2 protein chains.
Amino acid sequence: MATVENLERTKTAKTRARKPAIAEVEADRIIEQDCVAAMASLPDACIDMVFADPPYNLQLGGDLFRPEGSMVDAVDDDWDKFDTFAIYDKFTRAWLKEARRILKPNGTLWVIGSYHNIFRVGAALQDEGYWILNDIVWRKANPMPNFRGTRFTNAHETMIWASKSEKAKYTFNYKTMKSLNDELQMRSDWLIPICAGQERIKDGGKKAHPTQKPEALLYRVMLASTKPGDVVLDPFFGTGTTGAVARRLGRKWIGVEREPRYCDVARKRIAEALPLDESALQTMRANEAQPKVPFGALIETEMLKPGAFLMDTKRRWKAEVRIDGTLVCGDKEGSIHKLGALLQDAPSCNGWTFWHFESGDGLQPIDTLREQYRLAHFP
Amino acid sequence: MATVENLERTKTAKTRARKPAIAEVEADRIIEQDCVAAMASLPDACIDMVFADPPYNLQLGGDLFRPEGSMVDAVDDDWDKFDTFAIYDKFTRAWLKEARRILKPNGTLWVIGSYHNIFRVGAALQDEGYWILNDIVWRKANPMPNFRGTRFTNAHETMIWASKSEKAKYTFNYKTMKSLNDELQMRSDWLIPICAGQERIKDGGKKAHPTQKPEALLYRVMLASTKPGDVVLDPFFGTGTTGAVARRLGRKWIGVEREPRYCDVARKRIAEALPLDESALQTMRANEAQPKVPFGALIETEMLKPGAFLMDTKRRWKAEVRIDGTLVCGDKEGSIHKLGALLQDAPSCNGWTFWHFESGDGLQPIDTLREQYRLAHFP
DNA sequence: AACAACGGTGAATCTGAGG
DNA sequence: TCCTCAGATTCACCGTTGT
């Protein structure tokens, strides 16, 4: 079926075969302008990688207070407000289209978002002709809890990594990623702390930008998908995390940012960005701590069945396992640790070694099940 | 006797009588039909939760995506990915629309997918009026490696959890989830092993279904978002994981599946899944609503005497108890909650945990008195 | 100097019953 | 529909202050 799009693609490919339409562009600068207009001012095919952190279109209700009474400092900036999904979609398609035009044929795009916007962005970029390579989950080591106990703690954000088209020969530094991950393939879920402490840029004592991303995240993104000397463009530059990391890693950068006060902060920050030292790279190794196995996981996987009975070594107490991972013994109930402490009238108790299950060889501590779980699932 | 429970039941019944929008439906059965047609045969508002694992492999059988009988030719060279997306979207909107119709007003929907389809599904469900509650990342403990080393190891899938509308009062068993996760809030990233070994259903030595989901995943989904006796519908039933887990957890189920050979496997499997005992199905008492005790009841029963003094933990404030159950501190007065908020200059305050009384063992929160009152009066 | 205790905070679509 | 009020609700990390 020879659609207009097909014809266009064929023609573009042929043109490129004759002369690679890759343009040079002035880099290491901030364009203080609206993101679509700024990208429109750049030539075709001049960018190696785009990293975009667009507005999430959060739709927050009233104020939210923590249990102890303090108020949560929410994102209420005007730049995050859109009246309808249709308007947000239009905005999204506009910047994705421009970004695709200025990307080199083998360039790639990264977008980060939350459930509020990422599905719309993902669908839009597929529609625009991008080819998704991976979706990456940024697991936050220290997310904000859900204070009202109404949902699951929102503990991650999603990034989409896409090439300009299906057949593109994009850059992926496989070995670099593998060595960064203790010689195991880098997975699609990354555990990285949120941006806080010294790294968080302050302006008059308050955070300079409500959604500053951690540099570790950009390090991994750039190390994975660009080469030294590549030009990285960030159409929602904010306080310039992308620029700072690009400079450290020897990549060129272009930032697009509308707000003058963010631009000022970014310029100062990037000027201060020191060349990369090895120790910084070491600390961002992807080594994760020994994975924690909650007692509930043994029940979900049926290593222990709800209704089973657990005992202490001397069979003094006998407790029944319930579906939610709590134990019940007479009129007392609680987690494996809590109930163990309660029954012994002790201040605390390690339930993993206190509770045992009946096996062919007599009583065995449930810790052996945790060990089995780890062996089976974390080779 | 008009207990709190009785009153509650009466009121619910009244509400239902006025708004009879909730229908009964025959459950614990497989409907051997196309998913949209099967759902169309069910009445409005009869389902408490939908779990859907829709197909996304666009290369296998283009005839999978025939929303309303519109014929689609098999995949061939003329196939264009824009057409493919359009057809997939149409299919997605069709089943999402039917699912929303048969969901009860406070029902919820779960969809699982990968980057191939989840963005389209997410955008479509937002467009259909669903309200996203969380996106949940299923982190695979043992994913398949990326053999060619061209991308990140695809180590997760994404689930979207959505209510029927923004204002819906959906079910979320917060305490159960917290228990299951060693007394920490359950996060949006779940580490669960893929379905393998004994659990993986074989048919003639080969796996019976290409995308069989682990029971542990469904276990957590159902435990989090349904109550015992709820009706769960799975429009892409496959080998019936949803049915097996529903039966085990005391939920009713309806499976929709077109392929007779999957239906046979599912029926056999579900028949073998034994329902858990009532005692094992219990969760922590904290999950249940406790009978309300007005502060004045403690004074009436002389558990606290008028004229007694209450303090916060740090003894910063000292308030006197009056006969009507109000407190007074200097020129400020009010209920235990109101005065606590007033003194702290906070928007709200839980007086039961804020105020303490002097006892032999130091300060104790008045909540312990409420606990005693409940034990004495609500056996 | 070392460690404990305490306070602040992060992209959040964050209550429910009753009048 | 809006208002009021009872009362349920938080994890990890960082920096500062106190012992």
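In this text the structure is predicted, and so the values were computed from the model without any measurement. We name chains A, B, ... by the order of the sequence lines, and we start the count at 1 in each one.
Out of C/dT13, C/dA11, D/dT9, the shortest distance to the side chain of A/Pro67 is found at D/dT9. Nearest to the side-chain atoms of B/Trp131 among the listed nucleotides C/dT13, D/dT9, D/dA12 stands C/dT13. Listed nucleotides: D/dG7, C/dT13, C/dG10. Nearest to the side chain of B/Ile132: C/dT13. When each of C/dG10, D/dG7, C/dA11 is scored by its nearest atom to the side-chain atoms of B/His337, the top-ranked nucleotide is D/dG7. Comparing D/dA6, C/dG10, C/dT13 by their nearest atom to the side chain of A/Gln59 picks out C/dT13. The side chain of A/Glu157 has C/dA11 as its nearest neighbour among D/dT10, C/dA11, C/dA12. Comparing C/dA11, D/dA8, C/dT13 by their nearest atom to the side chain of A/Leu60 picks out C/dT13. Checking D/dA12, C/dG7, C/dT13 against every side-chain atom of B/Lys314, the shortest atom distance belongs to C/dG7. Each of D/dT9, C/dA11, D/dA6 was ranked by its minimum atom distance to the side chain of B/Ser335; first place goes to D/dA6. The A/Arg148 side chain lies nearest to C/dT15 when the options are D/dT10, C/dG10, C/dT15.
Across all strands shown, C/dA12 has no partner, as no Watson-Crick or G-U wobble contact with both distances under 3.5 Å is found. In this structure, C/dA4 forms a base pair with D/dT17, meeting either the Watson-Crick or the G-U wobble geometry with both donor-acceptor distances under 3.5 Å. Judged by Watson-Crick or G-U wobble contacts below 3.5 Å, the nucleotide D/dG7 has no partner.
Nucleotide C/dT13 holds its C1' atom 20 Å from the NZ atom of B/Lys164, rounded to whole Å. Here the P atom of nucleotide D/dC2 and the NZ atom of B/Lys167 are 11 Å apart, to the nearest Å. Rounded to whole angstrom, the span from the OH atom of A/Tyr115 across to the C1' atom of C/dC14 amounts to 9 Å. Going from atom CZ of A/Arg66 over to atom P of C/dG7 covers 14 Å, rounded to whole Å. In this entry the distance linking CG of A/Asp80 with P of C/dT13 reads 12 Å, nearest Å. Put simply, CD on A/Glu68 is 15 Å from C1' on C/dC14, counting in whole angstrom units.
At most 12 heavy atoms of other shown residues, nucleotides or ligands fall within 6.0 angstrom of atom NZ in B/Lys332. With a 6.0 Å radius and a threshold of 12 heavy atoms from other residues, nucleotides or ligands, A/Asp83 has its CG atom at or below the threshold.
Salt bridge B/Asp367/B/Arg374: absent, no basic N to carboxylate O contact under 4.0 Å. For the pair B/Glu333 and B/Lys338, the salt-bridge criterion is not met [side-chain N within less than 4.0 Å of a carboxylate O].
Classified by interplanar angle (parallel below 30°, tilted 30° to 60°, perpendicular above 60°), the ring pair B/Phe295/B/Trp352 is perpendicular.
Distances shorter than 4.0 Å separate none of the side-chain N or O atoms of A/Arg151 from OP1 or OP2 on D/dT10.
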